[in-house]
Structures are given as structure tokens and as C-alpha cells.
Amino acid sequence: MSTTFQLDTSTSRANPTPQPMKRLTVPKIRAHKKGGTVEQPLVMLTAYTARQAQLLDAHCDILLVGDSLGQVIYGLPSTIPVTMEMMANHAAAVVRGSYHAVVVVDMPFGSYEASKEQAFESAAYLLKQSGAAAVKLEGGAQMAETVAFLNQRGIPVMGHVGLTPQAVNVLGGYMARGRSEAEAEKIVSDARALDEAGTFAIVIEGVVEPIAIETTKAVSCPTIGIGASAQCDGQVLVTEDMLGMFERVPRFVKKYAAIGDVIEKTVAQYAEEVRSRSFPGPDQTYQPIS
Ligand code: KIV
């Protein structure tokens with residue numbers, strides 16, 4: 001589907017033409033999995049800006065304002081320094097740029113782990129500031145009480161198990177999880193605990209395939225895989241990774257394009273034309289009316 005945008009100058013909102021379908025809801029995403037299976041896998045991508053959201057929206061069920069924006073947008077070494085303000089501002093931009101997908105915003109490190117009350121305050125702030133529909137938080141059974149607390153107070157929660165990047169200092173790196181029996185059992189039981197607590201979906205990241213499949217079978221809500229398995233109930237990637245914005249990406253990323261190369265070549269041509277005074281040309285300059 002091809003969508004064009006017209007800027008409403010009174011609100012600065014870019015209105016799509018044709019008007020896309022109604023926005024999906026969290027209950028609809030949850031209800032996608034029936035009798036332990038989905039008819040069609042859910043499509044999720046990260047989005048951090050309004051224009052990016054406009055381009056992705058019609059094709060995705062869920063847009064995730066991931067705390068991966070710390071590395072992708074801000075050049076930070078990990079997701080640990082990401083702040084609430086960063087998440088709220090980018091999530092608001094993504095909501096403004098989308099009409100169809102459910103927008104989920106990551107809770108940044110340190111904003112939810114101390115208590116369920118802290119988590120409620122942070123999640124409520126993120127949803128109020130941005131208009132997003134749900135939050136995502138990392139962790140397993142230890143977060144189940146928090147998930148239930150938020151859910152009972154009107155805040156839908158997406159879980160995240162396996163490789164949880166906010167725990168990088170405990171895990172010691174970003175390697176795949178679930179290789180030992182103990183680790184595999186913990187991933188499955190963590191996902192079960194989150195599911196029972198009411199998560200509407202669970203991201204399974206960087207987990208060996210058989211354990212990703214076992215986890216998907218073990219829970220009633222949809223699982224969204226990243227570096228997991230095609231048998232998960234949906235897939236997510238960091239958009240900049242799959243577009244080929246970076247030279248180095250994790251092994252599980254498929255580069256669908258080489259946008260980084262396109263940008264470099266385009267900017268090189270612009271620089272050459274500026275230096276040779278061939279830009280701006282007659283089409284880009286104003287002349288007095290004769
Ligand atoms: O922050 C993020 O982008 C994520 C996805 C990789 C699932 O959590």
C-alpha cells in the first residue's frame with residue numbers, strides 16, 4: 001500500500017492519504033493467539049521518529065519505541081544510560097507519526113525495578129506524555145507482581161525474556177541464552193510467570209531455537225522473536241539494522257537493504273556538486289519576475 005502525507009499547517013500533523021485503517025488495540029494483539037497458535041505471525045519493528053513511524057505504520061502490527069534508541073540514535077554504549085525523557089519524547093513522535101499500529105514504549109533501566117509503585121509511576125508518565133498504548137519491561141518471574149499491578153491499573157505490559165540488554169552488566173555480554181539446562185528452564189518458567197501475570201505479548205530475544213519454540217508453546221499470549229525462531233508468534237528487528245544503516249549487526253539480523261550506502265553515496269554527490277557550484281542549479285534558484 002502506498003501512502004502519501006499532507007501537512008496540516010494548523011496542527012503540524014502529517015495526515016495520510018488514503019486514511020489507513022483504524023488503529024489496532026492491545027486486546028486485538030493479545031487475541032491474535034488462539035488455542036496456542038497464531039494464524040499469521042505478528043509484525044513488529046522499532047521506531048524512534050515521526051517520519052520513520054509514517055513509513056513503517058501501515059506494514060506493522062506493533063511499533064516498538066525500544067530503548068535501543070540509546071545506541072541507535074544517541075550513540076550510547078548500551079541501553080543503561082537511557083532516560084525517561086528520551087523514551088517519552090521519541091514515543092510521542094512515533095504516536096504522532098502512526099495511525100494503525102499499536103505503539104509500545106520501553107521502560108528504561110532504573111525506572112521500574114525498585115518496586116511495583118515505582119513502575120506504575122514511570123509507566124503512567126510514559127503513557128501520558130506520549131499517547132502510547134502499552135509499556136515493555138525486561139525480566140522474568142521477578143517482574144510478575146509488577147506486571148499484574150500495572151495491568152490491574154490500566155497499563156498493558158509486554159514482557160521481554162532471554163537476552164535482556166538492560167542486564168548486560170550481570171550477564172557479561174550479549175551472547176545467546178538458553179544453552180545450559182538451567183538457563184533454558186529459567187527462560188521457559190520466566191515467560192510462564194509473565195504470561196500468568198497478564199502480559200499481552202512477550203519478546204524472546206537471543207535464545208537458542210528449541211527453547212524459543214518451547215517457550216512459545218508454554219505461554220498463552222503471543223511471543224515475538226528476535227534472534228529466536230521463525231516459530232515464534234511474531235518477529236521484531238531494530239529497523240536501522242534491517243535497513244542496513246550499520247556495517248556491523250548481530251548474526252540474527254537480515255539486512256533487507258543497504259540504506260547506509262545509499263546515504264553515503266548521496267551525500268558524496270551533494271558535497272561534490274556544492275564544491276563545483278553545480279548545486280543549486282536553475283531549477284532550485286529564484287529569479288526576479290521579468
Ligand atoms: O530496545 C529494543 O529495540 C528492543 C527490541 C530489540 C526487542 O527491546
Side-chain angles (χ1 to χ4, degrees), residues 29 41-49 52-53 56 60-84 86-91 93-94 101-113 122-123 126 130 132 134-140 143 147 156-168 171 173-177 187 190-191 194 199-207 212 215-216 221-229 232-243 245-246 248-256:
I29 297 292
L42 289 161
V43 179
M44 174 159 121
L45 279 172
T46 60
Y48 313 125
T49 67
Q52 192 180 34
L56 306 181
C60 292
D61 301 302
I62 304 169
L63 292 177
L64 172 68
V65 187
D67 61 353
S68 51
L69 62 75
Q71 288 117 314
V72 176
I73 302 281
Y74 290 91
L76 294 167
S78 72
T79 56
I80 305 291
V82 170
T83 66
M84 289 281 283
M86 287 177 190
M87 295 311 302
N89 289 338
H90 285 276
V94 169
V102 169
V103 178
V104 179
V105 53
D106 257 343
M107 300 192 70
F109 177 69
S111 73
Y112 63 95
E113 301 89 334
S122 302
L126 289 174
S130 67
V135 295
K136 177 166 82 56
L137 51 79
E138 295 183 9
M143 295 315 304
V147 169
V157 183
M158 177 180 279
H160 186 152
V161 299
L163 170 55
T164 47
Q166 292 177 8
V168 63
L171 300 177
Y174 296 102
M175 50 285 194
R177 317 293 300 166
I187 291 164
D190 275 345
L194 292 173
T199 48
F200 71 93
I202 301 174
V203 168
I204 304 178
E205 177 168 358
V207 167
T215 307
T216 296
C221 70
T223 61
I224 317 274
I226 173 164
S229 168
C232 289
D233 303 312
Q235 298 295 325
V236 60
L237 282 175
V238 169
T239 300
E240 282 75 358
D241 285 347
M242 59 85 84
L243 289 178
M245 284 286 284
F246 300 110
R248 291 188 54 188
V249 289
R251 191 171 95 73
F252 57 76
V253 173
K254 178 173 173 183
K255 286 192 195 179
Y256 285 83

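For ligands, and for the atoms within them, numbers begin at 1 and follow the listed sequence. What you are looking at is a predicted structure, and each value in this text was computed from that prediction instead of being measured. Worth knowing before you read on, the calculation uses all heavy atoms, side chains too, and leaves out hydrogens, waters and symmetry mates.
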Which heavy atom of [X] sits nearest to which heavy atom of [Y], and what is that distance?
X: Glu113; Y: Phe109; result: OE2-CD1, 3.3 Å
X: Ala212; Y: Ala228; result: CB-CB, 3.8 Å
X: Pro222; Y: Asp233; result: CA-OD2, 3.3 Å
X: Ala123; Y: Met107; result: N-CE, 3.6 Å

Subject >> Neighbour count above 12 (heavy atom, 6.0 Å) for Tyr74 OH >> reply: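 Yes.
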
Please tabulate, one line per pair, the protein N or O atoms found under 3.5 Å from any N or O atom of ligand 1, giving the distance to one decimal.
from: ligand 1; atom 1: 1 (O); to: Asp67; atom 2: N; distance (Å): 3.2
from: ligand 1; atom 1: 1 (O); to: Asp67; atom 2: OD1; distance (Å): 3.0
from: ligand 1; atom 1: 1 (O); to: Ser68; atom 2: N; distance (Å): 3.0
from: ligand 1; atom 1: 1 (O); to: Ser68; atom 2: OG; distance (Å): 3.3
from: ligand 1; atom 1: 1 (O); to: Asp106; atom 2: OD2; distance (Å): 3.1
from: ligand 1; atom 1: 3 (O); to: Ser68; atom 2: OG; distance (Å): 2.5
from: ligand 1; atom 1: 8 (O); to: Lys136; atom 2: NZ; distance (Å): 2.9

Original post:
Within the side chain of Gln235, is there an N or O that forms a donor-acceptor pair under 3.5 Å with the backbone of Leu45?
Top reply: no

